[in-house]
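Encoded as structure tokens, the structure appears first; notes follow it.
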Amino acid sequence: MAGPKLCPKVILEGTRLTFKTDIAFALNEHPRIVGPRKYRYHSPLISGEWCAFTNFPWGRGLINFEPQEEALAMETYHTWARLFELQRYYSWIVDRFHLSTRMYQLRTYGTDYPFRWLEQRLLPLGFRLVYVTRSPESFAAARAERLQVSGNPSQYDDLQVFVEEQQLMDRLVDESCLPVLKLDISDNNVPAAVERIADWLDSTGGLYATC
């Protein structure tokens, strides 16, 4: 007989240079999170950073949409919520989502989207929030590492932006009704961060569906 089905649902949030994407890929292949695998297959890993609203690189999407695209963004969030509800018995790893939208829209346009309705739909599905942070002085080393692979290095020129974004994100995370793990990645140790997430999910019942 097979054991219980692993279907964790994790939203990774935080400002840039917190290695969220690296963590997301590692989670999506970790045997403690998604089970042992003898071959790779398409386990869903999605991102609010997809710039799917424009037909050019590094354009706009679910996080950085313009005011005239609000209806499109909200419909996209409703669509994701419904998809999660329809496929609740599967694992979902989300690399940035609604809190990143709140942060960007507040800083750029002064407009807040509380998303209480969204969290109220995500909570009974078992979604959990991992808030990835780093100390202000550790951003420089993270930037040096990211510049080795980045296709858009100019976005990392001003590190003070990330410090300020993280300060705002602190408040937004505190306002969330989802279970939260605050994860410090100042040491840039992604494998250790993934193990901490796995430990947390295991100890809080986040690896399996509850209904």
Side-chain angles (χ1 to χ4, degrees), residues 9-21 23-24 45-85 92-123 127-136 138-140 142-143 146-147 150-183 185:
K9 298 168 182 65
V10 176
I11 298 172
L12 294 157
E13 285 285 14
T15 186
R16 286 162 289 177
L17 292 178
T18 52
F19 296 176
K20 296 177 304 301
T21 301
I23 293 171
L45 196 163
I46 67 174
S47 176
E49 287 190 307
W50 292 344
C51 298
F53 293 179
T54 53
N55 193 24
F56 52 84
W58 298 291
R60 298 186 305 278
L62 199 55
I63 293 172
N64 62 342
F65 60 88
E66 293 183 346
Q68 71 273 14
E69 297 167 319
E70 176 183 324
L72 174 60
M74 295 304 108
E75 183 177 354
T76 304
Y77 269 115
H78 278 278
T79 300
W80 277 121
R82 186 57 183 147
L83 181 63
F84 295 149
E85 289 168 342
W92 292 95
I93 311 297
V94 186
D95 178 15
R96 302 191 81 177
F97 207 48
H98 62 301
L99 296 189
S100 288
T101 295
R102 286 191 71 188
M103 179 182 68
Y104 180 89
Q105 294 297 320
L106 276 167
R107 285 178 53 85
T108 306
Y109 301 110
T111 302
D112 193 9
Y113 299 92
F115 285 117
R116 181 62 58 175
W117 66 267
L118 178 62
E119 291 197 342
Q120 288 174 344
R121 291 174 69 174
L122 297 178
L123 187 60
F127 272 88
R128 281 164 164 72
L129 180 64
V130 174
Y131 176 36
V132 190
T133 68
R134 64 169 58 255
S135 63
S138 72
F139 276 103
R143 175 176 60 186
R146 182 54 51 83
L147 289 180
S150 176
N152 185 25
S154 63
Q155 66 180 308
Y156 306 117
D157 287 347
D158 187 358
L159 294 180
Q160 183 59 31
V161 171
F162 306 148
V163 174
E164 294 173 0
E165 287 181 347
Q166 185 166 270
Q167 291 171 346
L168 175 55
M169 186 68 80
D170 288 343
R171 174 172 69 83
L172 302 182
V173 168
D174 287 341
E175 293 174 359
S176 175
C177 67
L178 298 176
V180 177
L181 171 66
K182 295 184 178 182
L183 183 68
I185 193 69

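Since the structure is predicted, the reported quantities are computational estimates derived from the model, not experimental observations. Keep in mind that the numbers below use all heavy atoms, side chains included, and drop hydrogens, waters and symmetry copies.
- Looking at every heavy atom in both residues, P179 comes nearest to F127 through CD-O, 3.7 Å.
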Between E66 and Y109, does a side-chain contact (heavy atoms from CB on, under 4.5 Å) hold up when you go through it step by step? CA-CA 9 Å; E66 293 183 346; Y109 301 110; 3.6 Å; yes
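- Here the shortest heavy-atom pairing between L62 and A73 reads CD1-O, 3.5 Å.
- Ring geometry for W117 against H78 counts as parallel: the plane angle stays under 30°, on a 0 to 90° scale with 60° as the upper cut.
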side-chain contact (heavy atoms from CB on, under 4.5 Å) between I23 and V130, worked out: CA-CA 10 Å; I23 293 171; V130 174; over 6 Å; no
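- Contact between C51 and G59 at its shortest, heavy atoms only, is SG-O, 3.2 Å.
- Between atom CD1 of residue I46 and atom CD1 of residue I11 there is a gap of 8.5 Å, rounded to the nearest 0.5 Å.
- Under the 3.5 Å distance criterion, the side-chain polar atoms of E13 are matched with a main-chain donor or acceptor of L99.
- For the atom pair CZ of R116 and SG of C177, the computed distance is 4.5 Å after rounding to the nearest 0.5 Å.
- Side-chain atoms of D112 never come within 3.5 Å of backbone atoms of Q105 as a donor-acceptor pair (strictly under, hydrogens ignored).
- T108 is not listed as a side-chain neighbour of N64, based on a closest heavy-atom distance of 4.5 Å or more.
- Y104 contributes atom OH, which lies 10.0 Å from atom CD1 of I63 (distance to the nearest 0.5 angstrom).
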Please walk me through it: do K182 and D174 pass salt bridge (Lys or Arg N to Asp or Glu O under 4.0 Å)? CA-CA 10 Å; K182 295 184 178 182; D174 287 341; 3.0 Å; yes
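- Between A81 and L118, the shortest heavy-atom contact is CB-CD1, 3.8 Å.
- What you find for S100 and G14 is that their closest heavy atoms are OG-O, 4.1 Å.
- A pairwise comparison of heavy atoms in S176 and E119 identifies OG-OE2, 2.8 Å as the closest pair.
- E49 CD to T101 OG1: the interatomic distance, rounded to the nearest 0.5 Å, is 10.0 Å.
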Evaluate the criterion ring-ring contact (aromatic ring centres under 6.0 Å, His included) for residue pair F115 and F97; output intermediate values, then yes/no. CA-CA 11 Å; F115 285 117; F97 207 48; 8.0 Å; no
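- Side-chain contact annotation: Q166 with T133, donor-acceptor N/O pair under 3.5 Å absent.
- Side-chain atoms of K20 come within 3.5 Å of backbone N or O of T15 as a donor-acceptor pair.
- Y113 has its ring centre no less than 6.0 Å from the ring centre of Y77.
- We find the CD-CD distance between E70 and E75 to be 12.5 Å, quoted to the nearest 0.5 Å.
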Full working for side-chain contact (heavy atoms from CB on, under 4.5 Å) between L178 and R128: CA-CA 6 Å; L178 298 176; R128 281 164 164 72; over 6 Å; no
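- Atom CG of L72 and atom CZ of F53 lie 3.5 Å apart (nearest 0.5 Å).
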Show, in sequence, the C-alpha distance, side-chain angles and deciding distance for F19 and R134, and conclude whether the side-chain contact (heavy atoms from CB on, under 4.5 Å) test is met. CA-CA 10 Å; F19 296 176; R134 64 169 58 255; 3.9 Å; yes
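- Classified by interplanar angle (parallel below 30°, tilted 30° to 60°, perpendicular above 60°), the ring pair W80/W50 is tilted.
- Counting only heavy atoms from C-beta outward, the side chains of R16 and R146 never approach each other to under 4.5 Å.
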